[in-house]
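Below is one structure, written out as structure tokens; comments come after it.
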Amino acid sequence: MLNTQTLFVAVLGVTLINGFVSPIVPLVFLWAPVWMPEFAPQTPIAILYGTSLIVSISTLIVSGVPAALFERFTGRQMTDTLSMLVWLGAAFLLTLPGLI
């Protein structure tokens, strides 16, 4: 059955997929000199890994905003299955441009 933990794993999976297929990945890759620390290896694979991680985490954070607003407006005190479904839906909508 769907519970909050299972849905959170699904949200993480969708955001990881977005880290690979998002149309923003090339832009973040080109901005590597700005966000990449000097001590990190400057190889293309390390930059691509960092780019994917940045896009994935950004998707996770941005897709959580509608879920938080939903909880606030409905007066929920705890995160429930419906809130997690809102979070999953928002993450999927952010991933959709890369899948099309």
Side-chain angles (χ1 to χ4, degrees):
M1 194 68 185
L2 292 177
N3 60 18
T4 56
Q5 294 171 346
T6 305
L7 289 171
F8 185 67
V9 171
V11 169
L12 290 177
V14 170
T15 58
L16 284 175
I17 290 170
N18 194 39
F20 291 113
V21 301
S22 176
I24 296 177
V25 170
L27 181 64
V28 177
F29 186 88
L30 291 176
W31 279 85
V34 174
W35 58 262
M36 191 80 163
E38 293 293 324
F39 63 84
Q42 301 295 323
T43 62
I45 193 71
I47 295 172
L48 186 61
Y49 178 72
T51 299
S52 176
L53 193 61
I54 287 171
V55 173
S56 296
I57 291 173
S58 298
T59 304
L60 181 68
I61 293 169
V62 170
S63 64
V65 171
L69 291 173
F70 172 76
E71 287 181 1
R72 171 69 72 165
F73 292 141
T74 58
R76 286 170 160 61
Q77 298 297 321
M78 299 288 293
T79 300
D80 59 356
T81 303
L82 191 56
S83 298
M84 292 302 292
L85 285 171
V86 170
W87 196 355
L88 180 62
F92 181 74
L93 287 176
L94 288 172
T95 305
L96 202 57
L99 296 176
I100 294 177

Can you give each donor-acceptor pair under 3.5 Å made by side-chain atoms of residues 80-90, sequence neighbours left out, with the distance rounded to 0.1 Å?
{"unit_1": "D80", "atom_1": "OD1", "unit_2": "R76", "atom_2": "NE", "d": "3.2"}
{"unit_1": "D80", "atom_1": "OD1", "unit_2": "S83", "atom_2": "N", "d": "3.1"}
{"unit_1": "D80", "atom_1": "OD1", "unit_2": "S83", "atom_2": "OG", "d": "2.9"}
{"unit_1": "D80", "atom_1": "OD2", "unit_2": "R76", "atom_2": "NE", "d": "2.9"}
{"unit_1": "D80", "atom_1": "OD2", "unit_2": "R76", "atom_2": "NH2", "d": "3.4"}
{"unit_1": "S83", "atom_1": "OG", "unit_2": "E71", "atom_2": "OE2", "d": "3.3"}
{"unit_1": "W87", "atom_1": "NE1", "unit_2": "L60", "atom_2": "O", "d": "3.3"}
{"unit_1": "W87", "atom_1": "NE1", "unit_2": "S63", "atom_2": "OG", "d": "3.0"}

Item checked: ILVMFWY network linking V11 to L2, side-chain heavy atoms under 4.5 angstrom -> yes
Margin query: Is it the case that the side chain of S52 and the backbone of Y49 share a donor-acceptor pair, with hydrogens and angles ignored and the cut-off at 3.5 Å?
Written below: no
Name every donor-acceptor pair, under 3.5 Å, that has one atom in a side chain of residues 18-34 and the other anywhere in the protein, sequence neighbours excluded.
{"unit_1": "N18", "atom_1": "ND2", "unit_2": "T59", "atom_2": "OG1", "d": "2.6"}
{"unit_1": "S22", "atom_1": "OG", "unit_2": "I24", "atom_2": "N", "d": "3.2"}

Atom pairs and distances, side-chain donor-acceptor, residues 92-100, under 3.5 Å, sequence neighbours left out:
{"unit_1": "T95", "atom_1": "OG1", "unit_2": "A91", "atom_2": "O", "d": "2.8"}

Item checked: Cluster link I61 to L53, ILVMFWY, side chain under 4.5 Å -> yes
Notebook entry, point to check: Which distance, rounded to the nearest 0.5 Å, do you find between the CD1 of I57 and the CG of L16?
Noted result: 9.0 Å
Note to self: For the OG1 atom of T51 and the CE atom of M36, what is their distance to the nearest 0.5 Å?
What the structure shows: 8.0 Å
Item checked: L12 to T15 - nearest heavy-atom pair and separation -> O-OG1, 2.8 Å
